[in-house]
K.L.:
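One structure is given below, represented as structure tokens, and several questions about it will come after.
So you know, we letter chains A, B, ... as the sequences are listed, proteins then strands, and number each from 1. Keep in mind that this is a model prediction, so the values were computed, not measured.
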2 protein chains.
Amino acid sequence: METSNLKKAGLKVTLPRMKILEILETSETRHLTAEAIYRELLDSGEEIGLATVYRVLTQFEAAGLVCRLHLEGNQAVFELERGGHHDHIVCNQCGRVEEFFDETIERRQREVAQHHGFAIKDHALVLYGDCTDSVCPHRPV
Amino acid sequence: METSNLKKAGLKVTLPRMKILEILETSETRHLTAEAIYRELLDSGEEIGLATVYRVLTQFEAAGLVCRLHLEGNQAVFELERGGHHDHIVCNQCGRVEEFFDETIERRQREVAQHHGFAIKDHALVLYGDCTDSVCPHRPV
DNA sequence: GATAGAAATGAGAATCTTGATCATCTGAGC
DNA sequence: GCTCAGATGATCAAGATTCTCATTTCTATC
Ligand SMILES: [Mn+2]
Ligand SMILES: [Mn+2]
Ligand SMILES: [Zn+2]
Ligand SMILES: [Zn+2]
């Protein structure tokens with residue numbers, strides 16, 4: 001088990017924290033809601049409460065282990081922090097999420113903010129569209 | 001009264017709809033939460049329920065009269081649609097909202113989406129930072 | 001202008017997501 | 001193994017938004 005991340009973050013190594021971290025590390029889907037993680041825990045036979053999932057995810061976020069995103073939809077999604085900042089494209093039809101990083105956009109954001117007298121600290125950028133994935137119900141014929 | 005917008009949108013001209021539209025048109029603040037609109041209605045002596053405010057705003061959104069934004073914070077904000085698309089910068093300290101439009105960012109978004117096989121339909125971009133407004137508590141000395 | 005039917009409203013209940021409380025349990029150090 | 005600060009789980013609570021349904025208000029028609 002990879003408990004070093006937890007220790008480094010100053011968090012006691014507990015079973016719920018290990019299991020949640022493991023799900024974030026191994027799940028097919030990179031971007032998971034708290035409920036999705038909770039269901040995976042139930043499916044694997046763990047008796048961990050939903051409140052704990054939210055609590056642990058919030059702690060992970062504060063510790064810089066995960067980041068929380070709002071991708072249109074009422075639930076926040078969480079993803080493991082893997083060093084590099086990136087933004088997201090979401091398919092309106094099948095919900096698939098792709099990641100991207102564009103230095104031009106990043107630079108223009110800084111410039112625009114400066115023009116308006118803001119010292120930019122953060123940003124949220126999500127693109128919405130229709131994807132061409134083979135399983136997407138909207139895929140053009 | 002400017003009831004033509006309502007009629008054009010195929011909405012029956014009612015007192016709540018007129019009042020809400022009037023607030024959106026005349027308020028100092030361009031970006032208003034449903035609750036803020038509700039409070040303005042109460043202050044001006046109108047007996048309009050909060051549920052109606054939400055209902056009407058959702059209808060206005062569907063009709064293209066207003067757009068709904070999520071500017072970090074739990075409440076959505078609404079603003080009158082004035083033709084031109086724009087994005088937003090929000091001050092982390094005082095909450096001030098500035099608007100901007102940058103063609104370079106818009107173009108790169110389309111290009112990035114295309115690269116990933118997406119037909120982009122929409123996007124949400126919000127920059128967060130510290131502003132230099134004279135009343136902002138974070139203003140540098 | 002009165003009338004009728006459809007649509008809109010208001011009050012409050014309901015829902016959904018997330019955070020708070022608190023008694024009980026667990027892990028890290030000794 | 002023992003201790004206790006910290007973590008957990010069950011439940012409750014809060015905030016935002018939507019739903020329900022009885023009552024009211026527009027709009028069209030006479
Ligand atoms: Mn991501
Ligand atoms: Mn705006
Ligand atoms: Zn798709
Ligand atoms: Zn400010």
K.L.:
Measure from CG on A:L50 to P on C:dA20 and round the result to the nearest Å.
P.N.:
14 Å
K.L.:
Below 4.0 angstrom, N of the basic side chain to O of the carboxylate: do A:E46 and A:K19 qualify?
P.N.:
yes
K.L.:
Expressed as a whole number of angstroms, how long is the span from A:L41:CG to D:dT8:C1'?
P.N.:
13 Å
K.L.:
Tell me whether the side-chain N/O atoms of A:Y54 come closer than 4.0 Å to OP1 or OP2 in C:dG19.
P.N.:
no
K.L.:
What nucleotide, of C:dT17, D:dT8, D:dA10, holds the atom closest to the side chain of A:A51?
P.N.:
D:dA10
K.L.:
Any base atoms under 4.0 Å from A:R55, or only sugar-phosphate, or nothing? Heavy atoms, all strands.
P.N.:
base
K.L.:
Tell me whether the OP1 or OP2 atom of D:dT8 has a side-chain N or O from A:T14 closer than 4.0 Å.
P.N.:
yes
K.L.:
Taking NZ, NE, NH1 and NH2 as the nitrogens, is one of them in A:E99 or A:R82 under 4.0 Å from a carboxylate oxygen of the other?
P.N.:
yes
K.L.:
Going by distance alone, is a donor N or O of one side chain under 3.5 Å from an acceptor N or O of the other, for A:H70 and B:E72?
P.N.:
no
K.L.:
How do B:E47 and A:V13 order along DNA chain C: which one's closest nucleotide is nearer the 5' end?
P.N.:
B:E47
K.L.:
Expressed as a whole number of angstroms, how long is the span from A:L11:CG to C:dG27:P?
P.N.:
15 Å
K.L.:
Of all the choices, D:dA16, C:dC16, C:dT9, which nucleotide is nearest to the side chain of A:N74 once you look at every atom?
P.N.:
C:dC16
K.L.:
What is the distance, to the nearest angstrom, from the CZ atom on B:R17 to the C1' atom on C:dG10?
P.N.:
14 Å
K.L.:
Give a yes-or-no answer on whether the side chains of B:E79 and B:H86 include a donor-acceptor pair shorter than 3.5 Å.
P.N.:
yes
K.L.:
Could you give the CD-to-C1' distance, from B:E35 to D:dT18, as a whole number of Å?
P.N.:
14 Å
K.L.:
Would you classify B:A76 as touching base, sugar-phosphate or nothing, given that sugar-phosphate means primed atoms plus P, OP1 and OP2, and contacts are heavy atoms under 4.0 Å?
P.N.:
sugar-phosphate
K.L.:
Just to verify, what does B:R68 make a side-chain hydrogen bond (donor to acceptor under 3.5 Å, both in side chains) with, not counting sequence neighbours?
P.N.:
B:T58, B:E61
K.L.:
May I ask you to decide whether A:E98 forms a salt bridge with A:R96, counting only side-chain N to carboxylate O separations under 4.0 Å?
P.N.:
yes
K.L.:
From the options D:dA10, C:dA8, D:dC26, select the nucleotide whose nearest atom is closest to the side chain of B:L15.
P.N.:
D:dC26
K.L.:
Test of understanding: clusters of I, L, V, M, F, W, Y form through side-chain heavy atoms closer than 4.5 Å, transitively. Do B:L69 and B:I37 belong to the same one?
P.N.:
no
K.L.:
Rounded to whole angstrom units, what separation is found between the CD atom of B:Q75 and the C1' atom of C:dT18?
P.N.:
15 Å
K.L.:
Please state how far atom CG in A:L32 lies from atom P in C:dT18, giving the value in whole angstrom units.
P.N.:
13 Å
K.L.:
Between C1' on C:dT26 and NZ on A:K12, what's the gap in Å once rounded to a whole number?
P.N.:
7 Å
K.L.:
So for the helix from C:dG1-D:dC30 to C:dC30-D:dG1, with five pairs setting each end axis, what is the inter-axis angle to 10°?
P.N.:
30°
